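Okay, structure first, notes after.
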Amino acid sequence: MELLGVISVPGWLLTILLLILTFCLYSKWKHSLWKRLGVPGPEPTPFLGILKEYFEKGSCNTDLELVRKYGNVVGVYQCHIPSLLVADPEMLKVIFVKEFSNFPNRFIPVKPTERMLAGVALAQGKHWKFLRSTISPTFTVGKLKLMVQKIEKCCQALVENIHSQRGDNEPVDMKELCGAFTMDVISSTAFGIEVNSQKEPNNRFVYYGKKAAIGQLASSFAVFIMMFPFLKNIVGTILLHGNRVGKDVIEFFDTALRSAIDLRKEGKNEQYQDFLQLMMNARHKDEKRGLNEMELKSNAMTFFLAGYDTTANTLSFACYALATNSDIQKKLIEEIDTVLCGEKPQYEDISKLQYLDRFVNEVLRLYGAATRFNRECQSDIKIKDTFIPKGTDISVPSFALHRNPEFWPDPDKFDPERFTEDNISKRPEYSFIPFGIGPRICIGMRLALLEAKMALVYMLQNFSFTVCDTTEIPVTFEKGFVLKAQNGVVLNANPRFITLDLEHCDDPGLSIFAKKSLNRNDYKVVVLFLYSVNTIKNHIIALVQNHLISLFISYPDKKLRYFGTFYLISMRSFFLLLLLAVTFTYGLPSSKKRFDGNQVLRILPKSSDEILKIVDMGKNTMLVHIVDIWNIPKSLNSTLDIHVDAHNLKGFVAELKSLGTNYMTWIEDLQKLIENENVHSSHVKSRAAASFSLSHYHSSFQISNHLDAVALSSRYATVHTAGHSVQGRAIKYLKASQFRGSKKAIIIDGGIHAREWISTAVVMYLIDQLAMNPDNNPEITSMLQKFDWYLLPVMNPDGYEYSRTNNRMWRKNRATSHSITGTCTGVDLNRNFGFHWNPAIGGSRDECEETFAGTKAFSEPESRAVGHLMQSLRGQAIAYLNLHSYGQLWLWPWGYTTSLPSDLADLKHMAGRGAAAIYPSHHAHYTTGGDATDLYPAAGGADDFAKGGAGIKYSYTVELRDTGRHGFVLPASTIIPSGEETLKGIIAFASELYAYERL
């Protein structure tokens, strides 16, 4: 085709040129609207409008520049869609309240799907009214109170996670930690799913939850529709469905919700206290129906997306504001300590914290997560002097509004006093709108505020925040529409004691004061203490609440320091227990088992058949001569130790003689040995608490409290709970480490068998040395820098305590009987781990035997807790030492088979280094070998699971002192020597491990 008879142009090229020209004219015409209407605004970029600036500068900075340059009403274009930025409080009141009927819906640039419209956030018209009125009762004060316990649990996990992350005074990323916290809160309150996303980052719910918060519509599809808005109803849905971003996320949540809904419909609704259940129970008063499945799914997802990232970012910015405004932080801490007096915050307490409310509002002003929100104009309307055409996107740039100097003098200054009643009255009503305005204000506002305030209280009761070398000041924001710190919020979290001012707390009276009034039937028994320091007597103040008592040391300067929290019992229960105690103390023989005249015989077997006969005789509880086998010979040249009851001693000895067995009396009177066990010649104090002697055997309660004391005193230690025992005792462990970063871990535990007290005492000695380093040992400093150390002193706290109070020779845990007859108690935890579990190999299916392996692998909470700890450190943990007594052995797996590990040479090498380093300290000779080949076969052992189940390469059983002279009843005088030599062995082992593995 010839153009003007001069130039020959192909038809297809001319068509393209005409289309481009048409598109340019179309763009020019669309971009002339605001100029024609007299609305100020920037010259739009061809085709893209204001999007170019949003992509380059981010929405926050762009909106701020536009409002400051053009005023509170600005006309812009999102591609070809006209958008009116409104930052005028008077206009906002008209649009969102007075003329709400003309602006009822959110503006959606693409054609929404059925699922999108099923959620209250994007629902329209009458359907929105139905959803809003049906769901609103879910967020009443009464319903929120049901969520407090769930939020409390997450707050406690947050504090624990901060302790864990800070390690040796290392900076922490509060953006990451607050994200984990809000993930936990929204998971439990919305879905009823309990997760700890900080400790379980690979949890599927955590994985898909984070992915859901990130994944959105592909921006190219949205931009295409905004360029050609007239195609919205033609291709919008096609493009939306064609986008596969987030499809796996939707499928996961759909499946999870479907399962949860089906389970709850089975009739046990009363056990669920979460928003999913409340929505399932909700009914509209007029339409007489509740939410259908699509509405349930959509709104559950809405709550998750709206409540996860937004609150997390607000909390992290709150911590940043505290760190950069120390005077404000000090004032807020003083209010929290004064009002709460060291107690956990309850729902009613939050409203008493007025300065906290001002602080949170100021955080929301400067760092509110939602930087803008919008509505769609339904019909032409004129507000003030601005004409708004039908279909216009009304966008409220809340970030710019909240930093407008017209309403906020010195807007970039952080000042909570802006929110005193007097200052609020001086501002326009809608100049502060962090959760939106009008009937469509954020439905979850109360929950978000409660969650944020409780988290801040918990954090400030435990830490103060300061900036560090890597803190970014000012913060760089991401360029999206949700306000986030692009480079995280890295701060120092400094542990603090709760210090209370008695003049502002309740009058303690007789050293007792109660924050809650107690009913007559709920009186508590409180034991008063006098605490003496340098002859100055200081009262211990008791804060009574529910079934707990919190103790505080009262100092002469009228300051109170937190001491500990303990369980209380009712007055009736107290007198009942007192009566029983008096009765059993003075009226009946002691219930503690005695071992008067009991002996330990050392036998030298002549053949393997003879060994089997003696062992079977010891295991067979139907015989008259019941005995307790202490150790099994490793060969025909080694001995077998058997503890025999005094009443059966004569008959058992006769039976041995009938077999022609050689034996000797090794321990003459076991009871005398026990009575002298805890007599120690010296008092070796712990650096963390002088009252705790490392040369003494302690109760599980004392050990638990001392772990907390070490964590408070050490810069390198944090205390954690792996799980709980059958009887509910916490299984605590201490993590010791210097510096953050990628380091391998070493796990050491003791007390798996209750009667092996020396293993627990040695772990406590190791804890004191590694966490406190009282001698400033450079080798210990080096080990803390090279490895993370996980030390768990009492794996079996119930059995351990029972061995102290009832039966010194108790071995198993205290699980109740698994049989119908219910005659016997306890499971051998070292036969219960889930790697090649098999009671037939070194264990038993008979619950009355000492080696009862349980009804199945990991049937016991203690083994599950430690197994989970090992699994949680998969890939990081490189060594595991399971301390026992007695025998002086350093043994490698396997226990379930005599087959040898493929890396036997490595295991032998490392065991040899550790065992050899023990000898020089006190000349204790340790032998190395295999569990099954050099001790005896036993399946279900902890070291087998560590290596085979958790992938910990260097896993060992270490049998501590002695070789049988005292057996399990090792005198307390040997604790320190045992600890010293074990420490030497472990340091040598770890040093060689670091070099051998080239870590």
Side-chain angles (χ1 to χ4, degrees), residues 162-172 468-470 492-495 684-690 692 694-695 706-720 733-750 761-793 873 876-881 883 910 913-922 954 958 975-999:
I162 296 174
H163 273 300
S164 176
Q165 288 289 315
R166 68 179 296 275
D168 179 25
N169 290 330
E170 291 297 312
V172 295
C468 60
D469 293 339
T470 52
N492 286 325
N494 311 297
V684 181
K685 300 177 182 179
S686 165
R687 178 70 67 89
F692 190 93
L694 295 170
S695 55
H706 187 63
L707 289 178
D708 293 333
V710 172
L712 286 172
S713 303
S714 172
R715 295 182 299 162
Y716 311 128
T718 54
V719 172
H720 311 269
Y733 65 91
L734 183 139
K735 178 185 176 183
S737 176
Q738 283 191 34
F739 311 133
R740 292 179 64 188
S742 178
K743 287 192 292 183
K744 292 296 183 181
I746 295 176
I747 307 172
I748 303 174
D749 61 36
V762 165
V763 175
M764 292 304 294
Y765 179 86
L766 296 176
I767 285 172
D768 189 77
Q769 292 293 311
L770 287 168
M772 305 303 299
N773 196 5
D775 301 321
N776 294 318
N777 186 338
E779 289 183 310
I780 291 177
T781 301
S782 176
M783 289 303 97
L784 287 172
Q785 293 170 350
K786 292 175 179 177
F787 295 98
D788 288 340
W789 295 82
Y790 292 80
L791 302 129
L792 191 156
L873 295 172
Q876 183 190 0
I878 193 171
Y880 170 69
L881 304 179
L883 303 191
M910 294 306 308
R913 286 302 178 97
I918 290 175
Y919 181 78
S921 295
H922 298 282
Y954 294 99
V958 179
I975 293 175
I976 299 303
S978 296
E980 290 172 344
E981 65 195 18
T982 304
L983 178 65
K984 288 288 187 183
I986 288 173
I987 288 177
F989 169 84
S991 298
E992 178 64 16
L993 178 61
Y994 191 83
Y996 190 72
E997 288 289 329
R998 298 179 181 179
L999 300 177

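These numbers were taken from a predicted model, which means no experiment stands behind them. Keep in mind that the numbers below use all heavy atoms, side chains included, and drop hydrogens, waters and symmetry copies.
Under the side chain to side chain donor-acceptor pair (under 3.5 Å) criterion, S921 pairs with no residue, sequence neighbours left out.
Nearest heavy-atom pair across E981 and I918 is O-CG1, 3.5 Å. Smallest separation of non-hydrogen atoms from V762 and G979: CG2-N, 4.1 Å. Closest heavy-atom contact between P793 and L707: CG-CD1, 4.1 Å. Closest of all the heavy-atom pairs between I975 and S695 is CD1-C, 3.8 Å. Shortest non-hydrogen contact noted between S714 and A771 is OG-O, 2.6 Å. When all heavy atoms of A916 and P920 are compared, the pair lying nearest together is O-CD, 3.4 Å.
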Trace of the side chain to side chain contact (heavy atoms under 4.5 Å, CB included) decision for E170 with Q165: CA-CA 8 Å; E170 291 297 312; Q165 288 289 315; over 6 Å; no
Intermediate values then yes/no, side-chain hydrogen bond (donor to acceptor under 3.5 Å, both in side chains), E997 and Y954: CA-CA 11 Å; E997 288 289 329; Y954 294 99; 2.5 Å; yes
Residue pair R913, L993: steps toward the side chain to side chain contact (heavy atoms under 4.5 Å, CB included) verdict: CA-CA 9 Å; R913 286 302 178 97; L993 178 61; over 6 Å; no
Residue pair F787, K744: steps toward the side chain to side chain contact (heavy atoms under 4.5 Å, CB included) verdict: CA-CA 5 Å; F787 295 98; K744 292 296 183 181; 4.1 Å; yes
Trace of the side chain to side chain contact (heavy atoms under 4.5 Å, CB included) decision for L883 with I748: CA-CA 7 Å; L883 303 191; I748 303 174; 4.0 Å; yes
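Once rounded to the nearest 0.5 Å, the distance linking CG of L881 with CD1 of I986 reads 5.5 Å. Between the SG atom in C468 and the CG atom in N494 there is a gap of 10.0 Å [rounded to 0.5 Å]. Note that the NE2 atom of H922 and the NZ atom of K984 stand 9.5 Å from one another [nearest 0.5 Å]. With values rounded to the nearest 0.5 angstrom, M764 atom CE is found 8.0 Å from D768 atom CG. Atom CG of D788 is separated from atom CG of L873 by 8.5 Å, given to the nearest 0.5 angstrom.
Taking the side chain as every heavy atom from C-beta outward, L734 and W789 never approach each other to under 4.5 Å. Using a 4.5 Å cut-off on side-chain heavy atoms (C-beta onward), V763 and L792 make no contact. When side chains are defined from C-beta on, L983 counts as touching I780, because their heavy atoms get closer than 4.5 Å. The shortest distance between side-chain heavy atoms of Y790 and Q876 falls below 4.5 Å. Within the 4.5 Å cutoff, the side chain of P495 has heavy atoms near those of the R166 side chain. Looking at heavy atoms from C-beta onward, V719 lies out of side-chain contact with H163 at the 4.5 angstrom threshold. Between V710 and M772, the closest side-chain pair of non-hydrogen atoms falls below 4.5 Å. Within the 4.5 Å cutoff, the side chain of I878 has heavy atoms near those of the L999 side chain.
Below 30°, between 30° and 60°, or above 60°: for H706 and F692 the angle between ring planes is below 30°, a parallel geometry.
Test L784, N773, T781 against Y716 for side-chain contact (heavy atoms from CB on, under 4.5 Å) and you get one pass: L784.
With T982 contributing its side chain and S978 its backbone, the two residues share a donor-acceptor pair below 3.5 Å. Between the side chain of K735 and the backbone N or O of L791, no donor-acceptor pair lies under 3.5 Å. At distances below 3.5 Å, at least one donor-acceptor pair connects side-chain atoms of N777 with backbone N or O atoms of E779.
With Y994 as the aromatic partner, K786 meets the cation-pi criteria of under 6.0 angstrom to the ring centre and within 45 degrees of the ring axis.
For the 3.5 Å distance criterion, the side chains of Y733 and D749 fail to qualify, holding no donor opposite an acceptor.
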